[in-house]
Number of protein chains: 2
Amino acid sequence: MGTHPEPVGKSENEASVVEDALRKSGFRWTNQRALIVQEALATHVHFTADELLDLCREKDPKVSRATVYRTLSVLEDAGFVEGLDTGDGGRRFEHVLGHDHHDHMVCLMCEKIIEFRDDELERRQELAAKRIGFSIARHSLHLYGTCKQCLREQRKK
Amino acid sequence: MGTHPEPVGKSENEASVVEDALRKSGFRWTNQRALIVQEALATHVHFTADELLDLCREKDPKVSRATVYRTLSVLEDAGFVEGLDTGDGGRRFEHVLGHDHHDHMVCLMCEKIIEFRDDELERRQELAAKRIGFSIARHSLHLYGTCKQCLREQRKK
DNA sequence: GTAGGTGCAAACCTTTTGCAGCATG
DNA sequence: CATGCTGCAAAAGGTTTGCACCTAC
């Protein structure tokens with residue numbers, strides 16, 4: 001796997017950040033992990049485990065579902081990937097590398113996920129936690145509702 | 001079912017609020033629903049569907065799992081119960097009646113769930129949504145981390 | 001050489017569904 | 001007495017696991 005069949009640009013560097021970190025934690029760097037990390041970093045949408053599996057299988061049809069799940073779990077523990085509940089029992093993931101932290105609005109009509117960020121929100125969360133001696137490792141803020149477009153279409157009827 | 005073997009107090013009144021609302025929406029009020037609602041309202045913890053099933057079966061061993069799920073779904077739609085993702089793919093519920101809205105801190109070590117509320121947080125969420133034309137139906141804010149006690153025990157080691 | 005990782009298939013867990021019988025309104 | 005609800009069991013997702021083989025270190 002020493003040569004790259006195509007230029008991968010930014011996510012190539014990011015992948016090596018992941019590689020270094022995992023190696024440092026005593027994990028092995030396998031072809032499958034490289035592929036899974038590459039695909040996860042290259043995607044700019046919130047993907048399900050199964051969608052990631054499909055992406056990987058385009059490049060290597062014999063990657064197994066179990067490996068994708070196992071790798072996602074390692075990546076999540078290492079903080080490179082964040083799992084988010086879609087509110088209907090499902091789970092989606094996003095990579096965190098190079099992204100700023102943000103929260104999510106989930107449209108219940110079209111399932112679109114909108115990212116947003118508000119520093120004051122972040123600050124007040126820290127404050128609320130500090131007040132009761134709770135130490136935040138991560139947080140998830142999801143607003144469920146209806147997006148602009150869906151609201152508009154709803155009104156037409 | 002006309003007489004009560006034990007005083008149930010507050011949750012009895014709350015149950016009738018639910019009953020009225022469901023009847024008004026065209027649902028039937030069955031023994032199973034009464035039982036499920038009673039147990040859901042009486043519990044002061046965040047319960048899983050299965051835990052609620054167990055509670056119900058203590059009173060009536062033949063309640064089916066399907067009925068609990070179907071009733072929880074009705075209650076959630078009607079706004080009497082709120083489902084919350086535990087971050088690990090699981091779901092827990094809490095009843096909303098008589099509770100003020102609040103958010104949650106989840107201790108990743110002892111699994112304790114701490115409720116908190118911050119009005120400013122609520123306001124800023126509304127604001128952020130308004131800014132992009134998103135209409136919030138509900139939201140969930142979970143802070144994952146370590147609670148005071150677990151932090152203390154950790155330091156001991 | 002030896003952990004650790006992989007693929008496969010089966011197991012698991014939670015939730016949903018089809019259907020026949022039952023109870024509510 | 002008609003329709004909606006229930007129980008059962010089976011199906012459906014999504015995720016995890018046991019095991020034999022493989023491969024990175």
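All values reported here derive from a predicted model rather than from experimental measurement. Below, read A as the first sequence line, B as the second, and so on, with proteins coming before strands; counting in each chain starts at 1.
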* Short side-chain donor-acceptor distance under 3.5 Å, B:His44 and B:His99 -> no
* Within the structure, does a side-chain N or O atom of B:Gln32 lie under 4.0 Å from either OP1 or OP2 of C:dA23? -> no
* Is the shortest side-chain N/O distance from A:Arg23 to OP1 or OP2 of D:dC25 below 4.0 Å? -> yes
* A:Lys62 NZ - C:dA9 P separation (whole Å) -> 16 Å
* Are side-chain N/O atoms of A:Glu51 and A:His46 paired as donor and acceptor at under 3.5 Å? -> no
* **Rounded distance (Å) that lies between atom P of C:dT6 and atom CG of A:Leu72** => 12 Å
* A:Thr30 side-chain N/O to C:dT6 phosphate OP1/OP2 under 4.0 Å -> yes
* 5' priority, DNA chain C, between B:Arg65 and B:Arg28 [closest heavy atom] -> B:Arg65
* Structure fact -> Considering only heavy side-chain atoms of B:Ser64, the closest of C:dT6, D:dG7, D:dT15 is D:dG7
* What is the distance, rounded to the nearest whole Å, between atom NZ of A:Lys24 and atom P of D:dA24? -> 21 Å
* To do: Can you tell me the distance, in whole Å, between the CG atom of A:Leu22 and the P atom of C:dG4?
  => 15 Å
* Main-chain N/O of A:Tyr69 paired to A:Ser73 side chain as donor or acceptor, under 3.5 Å -> no
* Which nucleotide sits closest to the side chain of A:Tyr69: D:dG14, C:dT17, C:dT24? -> D:dG14
* **Proximal nucleotide (of C:dT24, C:dT17, D:dT6) relative to the B:Asn31 side chain** => C:dT24
* Rounded distance (Å) that lies between atom P of C:dT15 and atom CZ of B:Phe47 -> 12 Å
* Asked: Below 3.5 Å, does any donor atom in the side chain of A:Arg91 face an acceptor in the base of D:dG13, or the other way round?
  -> no
* Structure fact -> To the nearest angstrom, the CZ-P distance between B:Phe27 and D:dT3 comes to 17 Å
* Check for a donor-acceptor pair, side chain of B:Thr71 on one end and backbone N or O of B:Val68 on the other, with a separation under 3.5 Å. => no
* To do: Could you state the atom-to-atom distance from CG of B:Asp60 to P of D:dC5 in whole Å?
  => 18 Å
* Asked: Considering only side-chain heavy atoms of B:Thr67, which listed nucleotide, C:dG7, D:dT15, D:dG7, is closest?
  -> D:dG7
* Asked: When all nucleic acid strands are considered with a 4.0 Å heavy-atom cut-off, which category describes B:Arg33: base, sugar-phosphate, or nothing?
  -> sugar-phosphate
* Structure fact -> The answer to which of A:Trp29 and B:Gly26 contacts DNA chain D further toward the 5' end, by nearest nucleotide, is B:Gly26
* **A:Glu39 backbone acceptor or donor facing A:Thr43 side chain under 3.5 Å** => yes
* To do: Check the distance between D:dC5's P and B:Leu35's CG and give it to me in whole angstrom.
  => 17 Å
